[in-house]
Amino acid sequence: MARFLSKRRFVYSLACLGTFSLLLSGYALLYRTRPASEGEEAGHPFSLLVEREVRGTPSRLLHQLRDKIGRLPNSNLIVSSRANTTTAISQPSRSTPDNLQVGLPETLKERFPHFMIVGFGKSGTRALYNALRLHPQLAGPQKEERFFSLKYGKGLSKYLSSFPPRPRGGYLIEKSPDYILRPKVPARITAAAELAGRKPEDLKFIVITRNPIDRAMSEYLEWNIQRRKFNSPKLPPFDEMVLKDGVLHTEQPFINASCYEYHIASWLKTFSQNQMCYVNGDAYVEHPFQQVHMLELCMGLEPFFSEENFVFDKKKGFYCFKSGSDTQCMGGAKGRPHPQISDDVSTHLVEYFHQCNSHLAQHTGFEIGY
Ligand SMILES: Nc1ncnc2c1ncn2[C@@H]1O[C@H](COP(=O)(O)OS(=O)(=O)O)[C@@H](OP(=O)(O)O)[C@H]1O
């Protein structure tokens with residue numbers, strides 16, 4: 001009897017061990033196959049908009065991480081804490097499905113965009129996108145997708161499902177103003193286009209720039225607004241964050257993102273110059289029709305826009321977009337007043353951005369003018 005019992009115990013232990021190792025290898029497999037990079041590029045201030053709550057992180061770690069906000073451009077962790085709830089950005093999920101899947105249905109493949117506005121945030125990307133979508137040959141989702149930068153782990157089919165049907169004889173477009181800042185995005189777009197049965201070299205990318213100092217300030221202001229929403233303390237003044245002891249802090253993400261040539265050059269390692277359409281955001285504010293008309297040519301669209309589609313709103317100080325009886329103006333989050341920056345900071349920034357952009361025209365033929 002005792003021998004029988006110990007034999008049973010032995011078999012039982014073996015079964016437990018087997019189950020345990022099976023569970024362990026399943027877990028390891030799950031971890032290995034989940035998209036390693038999901039959320040890793042979520043540190044951009046705009047990613048504040050795609051938060052998920054993470055509880056139970058040791059508070060010491062949270063404090064350390066919170067201290068780094070504004071200093072870690074690619075941090076994907078804590079951005080704020082609210083009443084005992086800590087908020088993190090795009091934490092990878094263990095149950096995330098494959099980010100790209102083979103065997104996409106044809107109906108979804110057709111939803112892969114032909115055009116993407118890939119940057120630069122705070123340069124007028126929304127105003128440009130909203131105007132472009134008035135063109136009868138273009139359609140695209142209302143909101144920013146940010147699939148290739150922030151939501152890669154959610155699956156290609158989810159991304160494609162967010163697109164409306166392609167207009168007859170037309171094209172699909174999306175705008176995600178952080179794509180150009182993320183070095184992994186071009187390879188991801190290439191892989192996804194191929195899975196959708198499209199040639200990556202047929203895609204076109206629209207890049208809008210703006211006076212780099214104004215763009216940096218606009219992003220800094222946006223950061224503060226987002227921080228207020230999440231009860232995070234205000235950032236130090238712009239000047240203090242940018243210039244310390246006479247040294248320019250070019251690694252500040254809002255300064256780095258205004259060094260256009262650096263990011264465009266990185267994009268051009270994967271895509272060719274004839275896939276790019278450039279827009280001068282300051283010229284777009286002043287003469288939107290001219291810029292949009294040039295874009296129609298670059299994008300190969302039938303000419304549709306005329307001066308009549310752009311109506312100046314004296315109160316806002318910006319153009320609104322008119323289509324039929326509808327007139328659409330940007331909301332209050334666009335066109336905020338900017339505070340003055342000191343002469344010292346301004347001099348340093350002008351010099352730095354001049355260096356950044358001096359080769360741009362040479363490389364791209366795009367004369368940015370700063
Ligand atoms: N027509 C029109 N109406 C209102 N605003 C306009 C327009 N054209 C360009 N802009 C400028 O767009 C700036 C915001 O840029 P983005 O839309 O790229 O911002 S975002 O990245 O999507 O948050 C916004 O920047 P701020 O002035 O700093 O608010 C505007 O200057």
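Hydrogens, waters and symmetry mates are skipped; everything else that's a heavy atom, side chains included, is used. Every number for a ligand or one of its atoms is a count from 1 in the order of the listing.
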Would you kindly specify which portion of [X] sits under 4.0 Å from ligand 1, judged on non-hydrogen atoms: side chain, backbone, both or neither?
{"X": "R210", "answer": "side chain"}
{"X": "Y319", "answer": "backbone"}
{"X": "E144", "answer": "side chain"}
{"X": "C329", "answer": "neither"}
{"X": "V285", "answer": "side chain"}

(request) Could you tell me whether F310 atom CZ has more than 12 heavy atoms of other residues or ligands within 6.0 Å of it? (result)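 More than 12 heavy atoms, drawn from other residues, nucleotides or ligands, come within 6.0 Å of this atom.
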
(message) If you take the nearest heavy atom of each of G124, C320, A333, which one is closest to atom 15 (O) of ligand 1?
(response)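 Among G124, C320, A333, the closest heavy atom to atom 15 (O) of ligand 1 comes from G124.
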
(request) Select the closest option to atom 28 (O) of ligand 1 among S218, G335, P288, judged by heavy-atom distance. (result)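 Comparing heavy atoms across S218, G335, P288, the nearest one to atom 28 (O) of ligand 1 lies in S218.
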
For ligand 1, which atoms, with element, lie under 4.0 Å from some heavy atom of [X]?
{"X": "G121", "result": "18 (O), 21 (O)"}
{"X": "H338", "result": "26 (P), 27 (O), 28 (O)"}
{"X": "R336", "result": "26 (P), 27 (O), 29 (O)"}
{"X": "M330", "result": "2 (C), 3 (N), 4 (C)"}
{"X": "K334", "result": "4 (C), 5 (N), 14 (C), 16 (P), 17 (O), 19 (O), 20 (S), 22 (O), 23 (O), 29 (O)"}

(message) Taking a cutoff of less than 4.0 Å between a non-hydrogen atom of the residue and any ligand atom, is K175 in contact with ligand 1?
(response)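 Yes, K175 has heavy atoms under 4.0 Å from ligand 1.
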
(request) Could you tell me if any non-hydrogen atom of E222 lies under 4.0 Å from any atom of ligand 1? (result)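 It does not, in that no heavy atom of E222 comes within the 4.0 Å cut-off of ligand 1.
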
(request) Measure from NZ or CZ of R215 to the centre of the six-membered ring of F120, then state whether that distance is under 6.0 Å and the direction lies within 45° of the axis. (result)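 Negative - R215 is either too far from the ring of F120 or too far off its axis.
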
(message) Ring of Y129, cation from R133 - is the NZ or CZ under 6.0 Å from the centre and inside 45° of the axis?
(response)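 Pair R133/Y129 counts as cation-pi.
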
(message) Would you say the rings of Y159 and F148 are close, in the sense that their centroids are separated by under 6.0 Å?
(response)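 Yes, close enough.
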
Do [X] and [Y] have a side chain donor and acceptor closer than 3.5 Å?
{"X": "N130", "Y": "R126", "value": "yes"}
{"X": "H293", "Y": "E296", "value": "yes"}
{"X": "D344", "Y": "S342", "value": "no"}

(message) Do the side chains of K199 and E201 get close enough for a salt bridge, i.e. N-O under 4.0 angstrom?
(response)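 Salt bridge absent between K199 and E201.
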
(message) A side-chain contact here means heavy atoms from C-beta on lying under 4.5 Å apart; do M276 and L268 qualify?
(response)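 A side-chain contact under 4.5 Å exists here.
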
(message) Parallel, tilted or perpendicular: which one describes the rings of W223 and F254, with boundaries at 30° and 60°?
(response)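 Because their plane-to-plane angle is over 60°, the rings of W223 and F254 count as perpendicular.
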
(message) Check this for me - ligand 1, R126, N or O atoms closer than 3.5 angstrom, yes or no?
(response)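 Yes, at least one N or O pair falls under 3.5 Å.
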
